[in-house]
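To start, the structure under review is shown below, and the notes come after it.
For clarity, every value in this text was computed on a predicted model and none was experimentally measured. Positions are given from 1 along the sequence. Each ligand, and each atom within it, is numbered from 1 in the order the structure gives.
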Amino acid sequence: MANVDVIVVGAGVAGLVTADRVRAAGRSVVVLEARDRVGGRTLTEPVPGVDGLVVDSGAAWVAPDHHLLCAELERFGLETTPQAGPGDALASLRGKTRRFAEAGRPLDPVTTADVAQAMVRFGAAAEHVDLAAPWRGHHAARYDAQTFESWIRRTCVTPKGRDYFRLVCEAVLATEPQNVSLLHMLFYARSGGGLLHLVTTGGGAQDARVVGGMQQVSERLADGLGMWVRLQEPVTTIVHDADGVSVHSESGATTAHRVVVTVPPALASSIEYLPGLPHERTQLVQRMPHGSVVKCHAVYSRPFWHDLALSGEIVSDEGPSKVVFDTTPPGSKYGVLTVLVEGEDALRLGVRGPARARTEVLRGLAEHLGPRAMDPVAFVSRDWTAEEWTRGCYGAHLPPGAWTQVGSALRAPVGRIHWAGTETAERWCGYVDGAIASGERAAAEVLAVLP
Ligand SMILES: Cc1cc2nc3c(=O)[nH]c(=O)nc-3n(C[C@H](O)[C@H](O)[C@H](O)COP(=O)(O)OP(=O)(O)OC[C@H]3O[C@@H](n4cnc5c(N)ncnc54)[C@H](O)[C@@H]3O)c2cc1C
C-alpha cells in the first residue's frame with residue numbers, strides 16, 4: 001500500500017514545480033530534500049553586517065522569454081528590476097580595454113567582423129539540432145565528434161575572435177570549450193534562443209533580476225506544499241518494482257506509485273537504485289559533469305563606479321573577475337557588484353579559500369574601477385563546487401560522444417522512476433525556466449499513469 005501517489009526527490013525549482021502540479025491535480029505528493037532549505041541552485045542570502053540587504057548567490061537573472069518563470073513571478077506577485085543601468089560597460093581583451101554603451105560594440109571592427117561571421121555559422125549549425133532529441137538531428141554525429149574549442153579554432157580567424165567565443169563558453173557553461181561537445185554547445189544555445197541571446201543583458205538572458213531575490217520563487221512554491229516538503233532527508237536508495245517504489249532516507253522508507261528524481265545528474269548517480277538502472281542511464285550521468293562557479297558579491301557604501309560614468313558591467317579575459325554586473329537593489333544606498341568566477345578560475349579560487357578569493361576578486365575589480373574597489377563594506381562568496389548537494393554549476397555539460405551514444409536516456413523513465421531537473425529541459429536547459437518546464441513535464445508524465 002503506497003503512502004502517497006508520488007515522491008519527488010529534491011526541493012529545487014524542478015522538484016517543487018513537479019509537486020505543485022501533482023498536488024494541483026488532486027494527487028498526494030511528498031518532497032524529500034537533502035538540505036535544510038528549499039531552492040537548490042536558487043539561494044538568496046542576507047549580507048552579514050549590512051541590514052536588510054540580500055544577494056542572489058544562486059540564480060538571479062530573468063529573460064523576457066523565460067515565459068514559465070515570468071508566469072510564476074506573476075502568480076506570486078514578485079517584481080523584477082532591469083539589469084541594464086546608466087553608464088558604459090567595459091570590455092577588456094588581450095590588455096586592451098574598451099568602453100561601450102548597451103547597444104554599442106565591445107570589440108574592435110576587425111574582431112567584430114570575425115565574431116559576426118562565426119556567429120552566422122554557429123547559428124546555421126544550431127538550426128540542425130533537434131531540441132527534443134539532439135542525438136538524432138542532422139549532422140548530430142559529426143558535431144558530437146568534436147569539441148567547441150576545435151570549432152572555435154577552425155572558424156575564427158582572429159585571436160580576439162577566438163577569445164570572445166572562449167569567454168562566451170565560460171560565461172554560459174562555466175567551463176572551457178575544450179571540455180564541451182560542439183553538439184552540446186549548439187543544443188544549449190538553441191535551447192536558450194541563440195548564443196547571443198544567452199550573453200545579452202537588455203532583452204537577453206540577463207535582462208532583469210527578481211526584486212528581493214530568486215529564491216522567493218522556491219519558497220512560495222514550498223509554502224503552498226507545506227508539510228509535504230521534508231527537509232534534511234537525503235535520499236540514499238530507491239527500490240522499484242512493478243508494484244511501486246520505496247524511497248529511503250535516514251528517517252526510513254516512504255512508498256509511492258511513482259518517484260520523480262530532480263537532483264542534478266552528477267548527484268543522481270550517488271543514489272542507489274534497486275534493481276540497478278540500464279547501462280545507458282548509468283553511463284550518461286557519468287558523462288554529465290558540472291561547470292564550476294564561485295559567485296561573489298562586493299558591497300560598497302555607494303556605487304562609486306557611477307562617478308566614472310560606468311555601469312559596473314565588465315567582461316575581461318583576465319581572471320578571476322572576468323564577468324561583473326552591478327546588482328544594486330532598487331532604492332538601496334549601497335552599491336553591489338556581482339563577480340562570476342567561472343571554470344578553471346573557480347576551481348583554482350575554490351581551493352585557495354574564501355580569504356584569498358576575496359583579495360583576488362577585489363584586485364581584479366580594482367584593475368578596472370580603481371583602488372576604491374579594494375575597500376568594500378562587505379563581501380560574500382559562494383563556491384558551488386564545494387556544495388555537497390550541488391557539486392558545481394550553472395548546470396551540467398556533455399563532452400563529445402555523450403549525446404549521441406547515451407543521450408536518449410536523459411528523460412526516458414525507468415519503470416516507475418521519472419527524471420526532471422533543468423538538465424532535462426528542451427527549452428532553457430540550465431536555467432530556472434528550464435527547471436520549471438522539466439517539473440511540468442514530469443508531473444504530466446506521472447499524472448498520466450497514476451492508477
Ligand atoms: C551561481 C548560479 C547562478 C545561476 N544563474 C542563473 C540565472 O541568472 N538565471 C537562471 O535562470 N538560472 C541560473 N542558474 C541556474 C539555475 O539556478 C538552475 O538551472 C535551477 O535552479 C536548477 O533547478 P533544479 O531544480 O533543476 O536543480 P537544483 O536547484 O539543483 O535542485 C536539486 C535539489 O535536489 C537536492 N538534492 C540533491 N541530492 C539529493 C538527494 N540525494 N536527496 C534529496 N535531495 C537531494 C538539492 O539539495 C537541491 O535542492 C544559476 C545557478 C547558479 C548556481
Identify, by atom number and element, the atoms of ligand 1 in contact range of [X], meaning under 4.0 Å from any of its heavy atoms.
X: Gly12; value: 25 (O), 29 (O), 31 (O), 33 (C), 49 (O)
X: Gly421; value: 26 (O)
X: Gly40; value: 29 (O), 48 (C), 49 (O)
X: Ser57; value: 1 (C)
X: Val9; value: 42 (N), 43 (C)
X: Val263; value: 34 (O), 36 (N), 37 (C), 38 (N), 39 (C), 45 (C)
X: Leu32; value: 43 (C), 44 (N)
X: Gly58; value: 1 (C), 2 (C), 3 (C), 4 (C)

Within the structure, does [X] bring an N/O atom to less than 3.5 angstrom of an N/O atom in ligand 1?
X: Arg35; value: yes
X: Arg41; value: yes
X: Ile271; value: no

What is the closest protein heavy atom to [atom], and at what distance does it sit?
atom: atom 34 (O) of ligand 1; value: Gly10 CA, 3.3 Å
atom: atom 18 (C) of ligand 1; value: Gly430 O, 3.9 Å
atom: atom 23 (O) of ligand 1; value: Ala435 CB, 3.6 Å
atom: atom 53 (C) of ligand 1; value: Cys393 SG, 3.2 Å
atom: atom 44 (N) of ligand 1; value: Ala34 N, 3.1 Å
atom: atom 11 (O) of ligand 1; value: Val432 N, 2.9 Å
atom: atom 51 (C) of ligand 1; value: Tyr394 CD2, 3.8 Å
atom: atom 41 (N) of ligand 1; value: Val235 O, 3.2 Å

Please determine whether salt bridge (charged side-chain N to carboxylate O under 4.0 Å, His left out) holds for the pair Arg21 and Glu72, giving the CA-CA distance in whole Å, both sets of side-chain angles, and the decisive distance to 0.1 Å. CA-CA 12 Å; Arg21 304 319 193 242; Glu72 295 300 310; 2.7 Å; yes
Taken to the nearest 0.5 Å, the spacing of Leu337 CG from Cys296 SG works out to 11.5 Å
Measure the NE2-OG1 distance between His184 and Thr147 for me, rounded to the nearest 0.5 Å. 13.5 Å
Look at the side chain of Thr255 and the backbone N and O of Val245, then say whether any donor-acceptor pair between them is shorter than 3.5 Å. no
Under 3.5 Å, side chain of Tyr300 to main-chain N/O of Ala373, donor-acceptor pair present? yes
Looking only at heavy atoms, is any part of [X] under 4.0 Å from ligand 1, and if so is it the side chain, the backbone, or both, or is it neither?
X: Leu340; result: neither
X: Ala14; result: both
X: Pro264; result: side chain

Inter- and intrachain pairs under side-chain hydrogen bond (donor to acceptor under 3.5 Å, both in side chains), touching residues 210-226, at least two apart: Thr42-Ser218
Residues two or more places apart in sequence or in another chain: which of them pass side-chain contact (heavy atoms from CB on, under 4.5 Å) with Asn179? Thr175, Glu176, His397
Applying a strict 4.0 Å limit to heavy atoms, is [X] in contact with ligand 1?
X: Thr262; value: yes
X: Gly39; value: yes
X: Ala60; value: yes

Among [options], whose heavy atom sits nearest [atom]?
atom: atom 9 (N) of ligand 1; options: Trp384, Trp61, Trp428; result: Trp61
atom: atom 33 (C) of ligand 1; options: Met214, Lys295, Glu33; result: Glu33
atom: atom 13 (C) of ligand 1; options: Ala11, Cys429, Ala266, Ala59; result: Ala59

Would you please say whether a donor-acceptor pair under 3.5 Å links the side chains of Thr359 and Arg352? no
Are more than 12 heavy atoms, taken from residues, nucleotides or ligands other than Glu318, located less than 6.0 Å from that residue's CD atom? no
Got a sec: does the CZ of Arg416 have more than 12 other heavy atoms crowding it under 6.0 Å? yes
Below 4.0 angstrom, N of the basic side chain to O of the carboxylate: do Glu360 and Arg363 qualify? no
Check this for me: does any side-chain nitrogen of one of Arg348 and Glu344 sit under 4.0 Å from a carboxylate oxygen of the other? no
Where does the angle between the aromatic ring planes of His197 and Trp428 fall among parallel (under 30°), tilted (30 to 60°) and perpendicular (over 60°)? tilted
Step through it carefully: locate the ring centre of Phe325, locate the ring centre of Trp61, and say whether they are under 6.0 Å apart. yes
Residue pair Leu398 / Leu284, side-chain heavy-atom distance below 4.5 Å: yes
For residues Tyr143 and Pro134, determine if any side-chain heavy atom of one lies less than 4.5 Å from a side-chain heavy atom of the other. no
